[in-house]
Amino acid sequence: MSVLDRVNSPKDLKNLTSEELTELCSDIRTLLIDTVSKTGGHLASNLGVVELSVALHKVFCSPTDQIVFDVGHQCYTHKILTGRKNEFSTLRTEGGISGFTRPNESEHDIFSSGHSSVSISQATGLAVAKKIRGEKGKVIAVIGDGALTGGLAFEGFNSATVDCSNLIVVLNDNNMSISRNVGSMAKHLTTIRTSKRYFTFKSGVQRTIARIPRIGTQINRFITLLNTKIRKKVYNNATFFEDLGFRYYGPIDGHDIDSLISVFTAAKAHNHAVLIHVNTVKGRGYNPAEKNPTQFHGIGKFNIETGEPISGGETFSSAFGKTMCTLAENDSRICAVTAAMAEGTGLNEFASLYPKRFFDVGIAEQHAVTFSSGLAKNGMVPIFAVYSTFLQRSYDQLIHDVAMQRLKVIFAIDRAGFVGEDGESHQGLFDVAFLNTVPNLSVYAPSGYEELSLMLGNAIYHENCAAAIRYPRGKEGLLPEEYKYDKSDFSVFGSTECEKCIVTYGREFSVCCEALKQLENTFIVKLNKIKPLNRGITKLFSNTKKIFFFEEGVKTGGVGEVFGSMLEENGIDVVYRHIAVPDEFARQASAERQLGFYHLDRQSVIDEVLNG
């Protein structure tokens, strides 16, 4: 029986020896690689935090001690150790466990995660609440994998030591966010300071000195001040955290289980906010992931032997990247901006060809938008490539710093609509609704790669304000051979003499075209520009009796609502049905299954039109 077979909860770690813990880490890595090769997921970051996660659960007592993972995708080992080992094969599948922390799965998952840089603020709130309520336990924020590049992390740091003696921040430095190591002297000093012998000796000396009449307290204060100055000299770039009021330990080898256990044990005994700086290697233990941690950050199914992805080919993201390179070759004003998603948004080649016009600002979407406004103000044409779910974080900047200033910033919104297995936090279902509220902004919705290219060019050269082009994850669907985008705001497929009309946009157009093959007396209106809507559309419906609007987005605030209002305002007397995502978060499943859940797949379109 392997060590992993014997571990079903954090309690099972308490009596394991150092050798057994090392074997456990090896078992977990094997399980991670095998599972993610079949389900896809975040592999490199999780391979990097195996020892870290094991040591946390060895020393602390979850859920009395609350562990908050940031970014939430580095929680796979945590899930395995907290009772979900036997379910781990269902990772990111319909009805299976999530690739992020989810409280509805386990009491050990404190928050539902998906976006980054939130852990310190969350942990500070948890720690303060524990103090107020007189509850036992520490609160541990595990932040890293680029999350420290987000401004919210520093907002959290700014108030984290206020009455937070029960707070521990573990800074997972995997070369994705923090500066170089602080040096060998710092490492040696940390080893001494975290030893049980030193800790016992120090406490005894302090108690003895405190008993000296009249001057004991002053001596202790002087020693503490002297210690602080020495630490600042030795730790160099760690003074930032010391100045914020943390006790700093580090750097610690994040793959040395004994060192991690020692430092966590010392931190647990502290009655003060502590920051532990841990060095880890993304992809540790799997050579392809160590060599290319970016590719294995979030990866689909792959061949374990070679590390090669099983599926490939062109996608909307890669088509966008190619178009960007073509446009930039002929226009020196064009810049690309990304928030730590260069590969995911297809911008790697652009970054290589035009490094002076490529800007990766880290996980800082708010800064990305405002930075883009500055580029635009001084004559550049910035294109901010961002996942739909992450654009939500910069709504305020979009309004105040771009739209209100009437600046031409282009938003290339990737992963619009259903994204499948990443679950509730990553679905791109809200961008249309919140973009609909923003003046001085146009929104385009391509259904294929050629349209994406043409619409991006149209946004750059024919719009006088900000514009967004939203497109789905993955590959383009089948489009009718006779359909051709002519740069108009809307297109008609079929005869307007028909009594039934389907209105849609984006990926859903392909679905509706497939459905149309089994429908009679029906035509399709494809919206190319979904904001603002061209009111000339209403002239198409003189013979129409029923209109069905299919929308891959939330119903409230969506294009279908705006379209329905336009029909009413223009006195168009038809039966109108708006089929979209209701007021809920989309469940975890493949994108194809999600379309079916919300009556947006081919068969559902057929049924709605026949029976509606």
Closest heavy-atom pair and its distance - A153, I143: CB-CD1, 3.9 Å

Nearest-0.5 Å distance, OG1 of residue T30 to CG of residue L4: 9.0 Å

Distance (rounded to the nearest 0.5 Å) between K291 NZ and F296 CZ: 11.0 Å

Under 3.5 Å: donor-acceptor pair, side chain of D34, backbone of L31: no

Point-to-point distance, once rounded to the nearest 0.5 Å, from SG of C75 to CZ of R84: 7.0 Å

Note: R473-D422 ion pair, threshold 4.0 Å (strictly below): yes

Side chains of F418 and V581 in contact at under 4.5 Å (non-hydrogen atoms): yes

Under 3.5 Å donor-acceptor, T90 side chain and I97 backbone: yes

Derivation of the side-chain contact (heavy atoms from CB on, under 4.5 Å) call for V432 and L435: CA-CA 5 Å; V432 168; L435 291 175; 5.9 Å; no

Pair K79 + E105, salt bridge at N-O below 4.0 Å: yes

Ring-ring centroid check H277 F241, cutoff 6.0 Å: no

Donor-acceptor pair, side chain of R92 and main chain of G40, under 3.5 angstrom: yes

Side chains of T39 and E421 in contact at under 4.5 Å (non-hydrogen atoms): no

Smallest separation among heavy atoms of T338 and L347, with atom names: CB-CD1, 4.2 Å

Short side-chain donor-acceptor distance under 3.5 Å, D5 and S2: yes

Sub-4.5 Å side-chain heavy-atom contact between K131 and N166: yes

Main-chain N/O of V7 paired to K85 side chain as donor or acceptor, under 3.5 Å: yes

Where R102 and S425 come nearest, the two heavy atoms and their spacing: NH2-OG, 3.3 Å

Neighbour count above 12 (heavy atom, 6.0 Å) for R593 CZ: no

Side-chain heavy atoms of Q427 within contact of Q594, under 4.5 Å: yes

Whether T101 side chain and F111 backbone form a donor-acceptor pair below 3.5 Å: yes

Over 12 foreign heavy atoms within 6.0 Å of CZ, F154: yes

Flag, side chain of E242 to backbone of Y248, donor-acceptor distance under 3.5 Å: yes

Side chain proximity check, F430 to F585, heavy atoms < 4.5 angstrom: yes

Audit row: N46, V36, side-chain contact (heavy atoms from CB on, under 4.5 Å) steps and yes/no: CA-CA 10 Å; N46 281 288; V36 177; over 6 Å; no

Side-chain (Q588) to main-chain (T93) donor-acceptor, under 3.5 angstrom: yes

CD1-CG distance between I276 and N172, expressed to the nearest 0.5 angstrom: 12.0 Å

Donor-acceptor contact below 3.5 Å, side chain Q392 vs main chain D431: no

G156 to I120 - nearest heavy-atom pair and separation: C-CG2, 3.5 Å

Kindly list each side-chain donor-acceptor pair under 3.5 angstrom involving residues 62-70, sequence neighbours excluded, with atom names and distances?
from : atom 1 : to   : atom 2 : distance (Å)
S62  : OG     : H108 : ND1    : 2.7
D65  : OD1    : K138 : N      : 2.6
D65  : OD2    : C61  : N      : 2.7
D70  : OD1    : S117 : N      : 2.8
D70  : OD2    : S117 : N      : 3.1
D70  : OD2    : V118 : N      : 2.8
D70  : OD2    : S119 : N      : 2.8
D70  : OD2    : S119 : OG     : 2.9

D414 and S317: side chain donor to acceptor below 3.5 Å: yes

Worked check of side-chain contact (heavy atoms from CB on, under 4.5 Å) between H73 and S45: CA-CA 8 Å; H73 61 234; S45 52; 3.4 Å; yes

Interatomic spacing from CZ in R284 to CD in E290 - rounded to 0.5 Å: 6.5 Å

No-hydrogen, no-angle side-chain donor-acceptor test under 3.5 Å, S89 and K38: no

Proximity of F157 and F246 rings by center, below 6.0 Å: yes

Spatial distance of atom OH (Y76) from atom CG (L47) [nearest 0.5 Å]: 10.5 Å

Polar contact flag, side-chain donor to acceptor under 3.5 angstrom, E584-Y598: yes

Check: T265 and I261 side chains under 4.5 Å, non-hydrogen atoms: yes

Whether H42 side chain and G99 backbone form a donor-acceptor pair below 3.5 Å: no

Atom NZ of K14 with >12 non-hydrogen neighbours under 6.0 angstrom: yes

Backbone N/O of V49 and side chain of Q74: donor-acceptor pair under 3.5 Å: no

From CA spacing to verdict: side-chain contact (heavy atoms from CB on, under 4.5 Å), Y286, L32: CA-CA 10 Å; Y286 182 53; L32 290 175; over 6 Å; no

Beyond-backbone contact of F264 with I168, side-chain heavy atoms, under 4.5 angstrom: no

Closest heavy-atom pair and its distance - A147, V71: CB-CG2, 3.9 Å

Over all atoms of both residues, closest heavy-atom pair of V386 and E365: CG2-CG, 4.4 Å

Within 6.0 angstrom of N104 CG, more than 12 heavy atoms from elsewhere: yes

Side-chain heavy atoms of Q295 within contact of P288, under 4.5 Å: no

